[in-house]
Amino acid sequence: MMTTKKIFSRTIGFVSACMMTLTMAAYVPAKADNAPTEEQTAKLINEIEIFVNQARKEAGLKPVYVVPYLNEVAAVRAEESSESFAHTRNGGTEGFETIIDTDIAPYGFAAENLACGFGDTETTFEQWRHSEKHWASIVNPTITHMGVGVYYDPEKPYEWYWQQTFIRSDVEFADQYLPSDTVVVPTGDGDVDGDASISVFDYTLITDYVRKQHEKYPVYFNEAQREAADCFRDGLITEADAKVVCRYLLGEYDSVVFEF
């Protein structure tokens, strides 16, 4: 375990540091069986994103939107930081911002915050709150979008690694959203986004869910959303379910439910 002095000596860039404010004796490492599930990971990420906009509201600033792609970026950077806690990639030859595909997320400005050592969102966010440069990124009035990632490995020195990606972009992303602690509750079959209607947004959500289930960072549906998306009532959500919703929207089907 590194001392606080050594940790701060590894601070690189203008927006990040591994801020271990507790002493060696006070640090209690997470157990191997504390590895977060997919659902728990999504909850942790959402909590950090909510904290960001709460802080911005207190500062009289506009909220920033979450972009799922930037969450993916942040997840990769969180894992990379467990290998090299720095704002550079590939052995220091590239800046952190090179991970952002500008064809997907064009931006005029990018910044990141890193943290490590704690598995709860409150303590992690307090590390950033008590760091002037980290906090400056969170309450930067010009940023518009963000992503958050967390990585856990009990074999790494600090076990928990966190990353925030912030960008300023003029683009309005189709899937951007404001984080909320309100659980999505579908009102009926096909209403995956819980807005009391079946629309192209539901079709898009189901398509993304299916497409990303075999990727490293899949889309998360709660139990009610999975039930609403399961048009064939077979316990599975596949491309066929998405096609049913699509054909319903085109007026080809009278219902989004097909039971056999």
Side-chain angles (χ1 to χ4, degrees), residues 1-27 44-67 70-71 73-89 92 94-100 105 107-151 156-169 178-179:
M1 183 69 70
M2 304 179 79
T3 64
T4 303
K5 182 177 180 181
K6 290 182 178 179
I7 291 168
F8 277 102
S9 71
R10 298 181 64 185
T11 303
I12 298 177
F14 67 100
V15 290
S16 179
C18 183
M19 300 197 55
M20 300 296 292
T21 57
L22 299 186
T23 64
M24 295 279 292
Y27 173 68
L44 292 171
I45 290 171
N46 189 62
E47 287 177 357
I48 290 289
E49 291 165 342
I50 289 173
F51 290 163
V52 168
N53 278 338
Q54 287 177 340
R56 292 179 64 81
K57 182 178 180 179
E58 293 170 1
L61 301 172
K62 293 181 179 180
V64 293
Y65 287 92
V66 175
V67 179
L70 294 181
N71 277 346
V73 166
V76 174
R77 283 293 298 142
E79 183 172 356
E80 289 182 350
S81 73
S82 73
E83 297 293 337
S84 176
F85 198 83
H87 290 300
T88 55
R89 312 179 67 221
E94 299 176 331
F96 75 88
E97 70 280 356
T98 61
I99 194 174
I100 304 174
Y107 64 90
F109 169 82
E112 75 169 5
N113 281 347
L114 298 176
C116 63
F118 299 95
D120 67 285
T121 56
E122 291 85 356
T123 306
T124 298
F125 199 73
E126 285 305 303
Q127 292 182 71
W128 289 320
R129 183 186 296 276
H130 294 292
S131 167
E132 181 179 353
K133 292 181 178 180
H134 290 78
W135 199 245
S137 294
I138 291 172
V139 295
N140 183 332
T142 70
I143 62 172
T144 56
H145 299 84
M146 69 174 162
V148 173
V150 59
Y151 177 70
K156 299 297 182 181
Y158 302 112
E159 302 188 359
W160 291 90
Y161 296 83
W162 302 78
Q163 198 265 10
Q164 294 175 316
T165 294
F166 297 112
I167 66 170
R168 180 179 68 242
S169 178
L178 292 176

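At least one side-chain heavy atom of Phe109 sits under 4.5 Å from a side-chain heavy atom of Ile143. In this structure, the side chains of Val52 and Met146 come closer than 4.5 Å at one or more pairs of heavy atoms.
Rounded to the nearest 0.5 Å, atoms CD (Glu49) and CG (Leu44) are 11.0 Å apart. Note that CG of Leu114 is 8.0 Å distant from CH2 of Trp128, once rounded to the nearest 0.5 Å. In this structure, CD1 on Ile50 lies 10.5 Å from CG on Leu178, to the nearest 0.5 angstrom. Rounding to the nearest 0.5 Å gives a distance of 9.0 Å between CG of Asp120 and CD of Glu47. How far CG of Leu70 is from CZ of Phe166: 10.5 Å, rounded to the nearest 0.5 Å. In this structure, the separation between CZ on Arg77 and CG on Asn113 is 12.0 Å, given to the nearest 0.5 Å.
Taking the six-membered ring for Trp and the full ring otherwise, the centers of Phe125 and Trp135 sit less than 6.0 Å from each other.
Side-chain atoms of Thr98 never come within 3.5 Å of backbone atoms of Glu94 as a donor-acceptor pair (strictly under, hydrogens ignored). Arg56 places a side-chain N or O within donor-acceptor distance of the main-chain N or O of Ile138, the cut-off being under 3.5 Å. One N or O on the side chain of Ser82 and one on the backbone of Glu79 form a donor-acceptor pair closer than 3.5 Å. Of the possible polar contacts, one joining the Asn71 side chain to the Val148 backbone as a donor-acceptor pair under 3.5 Å is found. In this structure, the side chain of Thr144 engages the main chain of Ser169 through a donor-acceptor pair within 3.5 Å.
Atom CZ of Phe51 sits in a crowded spot, with more than 12 heavy atoms from other residues, nucleotides or ligands closer than 6.0 Å.
In this structure, Ala74 and Gly149 approach most closely via the heavy-atom pair CB-N, 3.2 Å. When all heavy atoms of Val64 and Asn53 are compared, the closest pair comes out as N-OD1, 2.8 Å. When all heavy atoms of Tyr161 and Tyr158 are compared, the pair lying nearest together is OH-N, 3.0 Å. Nearest heavy-atom pair, Pro179 versus Asn46, reported as atom, atom and distance to 0.1 Å: CB-OD1, 3.7 Å.
At a cut-off of 3.5 Å, with distance as the only test, a side-chain donor of Gln163 or Thr165 sits close to an acceptor on the other residue. Counted by atom type alone, Gln127 and His134 present zero donor-acceptor pairs between their side chains at under 3.5 Å. Judged by distance alone, the side chains of Asn140 and Ser137 never bring a donor and an acceptor atom under 3.5 Å apart.
A salt bridge does not link Glu159 with Lys156: every distance from a Lys NZ or Arg NE/NH1/NH2 to an Asp or Glu carboxylate oxygen is 4.0 Å or more.
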Any chance you could lay out the side chain to side chain contact (heavy atoms under 4.5 Å, CB included) test for Ile48 and Trp162, step after step, and finish with the verdict? CA-CA 10 Å; Ile48 290 289; Trp162 302 78; 3.8 Å; yes

